Amino acid sequence: MPRIIVETEAYSHTEKGCHAYNNRMTTRNEVMFNEGGHAYVYLCYGIHYLFNVVTNKNGIGDAVLIRALEPLKGVDIMMKRTGVKEPARITSGPGKLTKAMGIDRGLNGKSLLGREVWIEENDARLTGASIQASPRIGIDYAGKDAELPWRFTIKDNPWISRK
DNA sequence: TAATCGATGGACT
DNA sequence: GTCCATCGATTAC
């Protein structure tokens with residue numbers, strides 16, 4: 001069931017918004033220190049699973065949070081999973097998209113080159129002008145690092161989260 | 001071992 | 001606009 005990723009946020013161990021800040025490794029975020037190309041899935045607020053892609057080398061805790069998707073197929077089953085009627089709202093948020101995709105902690109640490117979850121290229125090509133950068137969402141506790149413009153969205157795409 | 005707190009979202013006033 | 005469900009990880013003691 002393909003999707004196009006339309007909204008992401010970057011997290012690096014060099015800033016406080018990241019779980020791996022200051023190279024802190026815990027049972028929760030240890031997969032972030034894996035080789036890039038792995039899935040990092042964790043439970044937030046006791047309710048929502050958030051899906052990240054580990055991006056750096058082994059031993060370096062960097063990742064990209066997937067915040068929103070544009071569905072290409074499978075809209076019907078995602079509406080059934082989430083109960084959301086409006087197609088453009090099914091995956092418009094990091095917690096909602098994992099529910100729509102059926103992602104849970106069972107995928108934590110899985111390789112994105114495997115068969116359970118993966119990312120691939122398609123024919124869509126973006127120009128720099130169609131990508132907007134803005135401050136990340138929901139990390140006020142990170143202080144000054146919360147202002148980093150590390151949230152990337154596709155301009156005017158209706159599937160991005162509205163915050 | 002106990003208290004606190006989220007990389008959220010939905011319901012409600 | 002405000003409130004809060006819900007639970008594992010983290011922090012406080």
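Naming: A, B, ... by sequence-line order, numbering from 1 per chain. The structure displayed is predicted, hence computed values, not measured ones.
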S12(A) and C18(A) have their tightest heavy-atom pair at O-CB, 3.1 Å

Is the F51(A) to Y49(A) ring centre distance short of 6.0 Å? no

Which residues share a side-chain contact (heavy atoms from CB on, under 4.5 Å) with V64(A), sequence neighbours left out: T8(A), T55(A), I66(A)

Between the main-chain N or O of A100(A) and the side-chain N or O of R81(A), is there a donor-acceptor pair closer than 3.5 Å? yes

Quick one: list whatever passes salt bridge (charged side-chain N to carboxylate O under 4.0 Å, His left out) with E35(A), sequence neighbours left out. none

Report the distance from atom CD1 of I137(A) to atom P of dT8(B), rounded to the nearest whole Å. 8 Å

Whole angstrom value for the distance that separates P of dG9(B) from CG of L97(A): 8 Å

What is the separation between atom CD on E7(A) and atom C1' on dT8(B), rounded to the nearest whole Å? 13 Å

Name all residues meeting the side-chain contact (heavy atoms from CB on, under 4.5 Å) criterion together with I131(A); count only those two or more places apart in sequence or in a different chain, and write none if there are none. L126(A), F152(A)

Interatomic distance where NZ belongs to K96(A) and C1' belongs to dG10(B) [whole Å]: 9 Å

Atom pair distance, as rounded to whole Å: OH in Y40(A) and C1' in dA9(C): 9 Å

Write down the distance between CG (L148(A)) and P (dA7(B)), rounded to a whole number of angstrom. 15 Å

Which pair of non-hydrogen atoms, one from G17(A) and one from A142(A), has the smallest distance, and what is that distance? N-CB, 3.6 Å

With sequence neighbours left out, write down each residue that passes side-chain contact (heavy atoms from CB on, under 4.5 Å) with T27(A), or none if nothing qualifies. none

Pull out every residue in residues 10-18 of chain A that has a heavy atom closer than 4.0 Å to any atom of DNA chain B, ordered by number, or say none. Y11(A), G17(A)

Spacing of K99(A) atom NZ relative to dT8(B) atom P, expressed in whole Å: 17 Å

Between N or O atoms, less than 3.5 Å apart, protein on one side and nucleotides 6-8 of chain C on the other: list the pairs.
unit_1, atom_1, unit_2, atom_2, d
dT6(C), O2, Y45(A), O, 2.3

With a 4.0 Å cutoff (strictly under), does any side-chain N or O of H48(A) reach OP1 or OP2 of dA7(B)? no

OP1 or OP2 of dA9(C) sitting under 4.0 Å from any side-chain N/O of T26(A)? no

Go through the structure and list residues passing side-chain contact (heavy atoms from CB on, under 4.5 Å) with K99(A), not counting sequence neighbours. T82(A)

Check nucleotides 11-13 of chain C for protein N or O atoms closer than 3.5 Å to its own N or O atoms and list the pairs.
unit_1, atom_1, unit_2, atom_2, d
dT11(C), OP1, R24(A), NH2, 3.4
dT11(C), OP2, R24(A), NH1, 3.3

In this structure, which stretches of DNA chain B are paired as stems of three or more consecutive Watson-Crick or G-U pairs, both distances less than 3.5 Å? B:1-6 with C:7-12, B:8-12 with C:1-5

Near DNA chain B, counting only heavy atoms under 4.0 Å, which residues of residues 50-65 of chain A show up? L50(A), N52(A), L65(A)

Rounded distance (Å) that lies between atom P of dT10(C) and atom OH of Y42(A): 11 Å

Going by the salt bridge (Lys or Arg N to Asp or Glu O under 4.0 Å) test, which pairs reach into residues 11-31 of chain A, not counting sequence neighbours? E15(A)-R136(A)

For the ring pair F33(A) and H13(A), is the centre-to-centre distance below 6.0 Å? no

Might you point out which heavy atoms bring N52(A) and A63(A) nearest each other, and give the distance in Å? CB-CB, 4.2 Å

Modelled atom types, side-chain donor and acceptor of E70(A) and T91(A), under 3.5 Å: no

Listed once per pair and sorted, the salt bridge (Lys or Arg N to Asp or Glu O under 4.0 Å) pairs that draw on residues 139-150 of chain A, sequence neighbours left out: none

Closest non-hydrogen atom pair, G95(A) against L50(A): N-CD2, 3.8 Å

Ignoring hydrogens and angles, does a donor from either the side chain of H19(A) or the base of dA9(C) sit under 3.5 Å from an acceptor on the other? no

Taking side chain to side chain contact (heavy atoms under 4.5 Å, CB included) as the criterion, tell me which of D104(A), V117(A), I103(A) meets it with V41(A). I103(A)

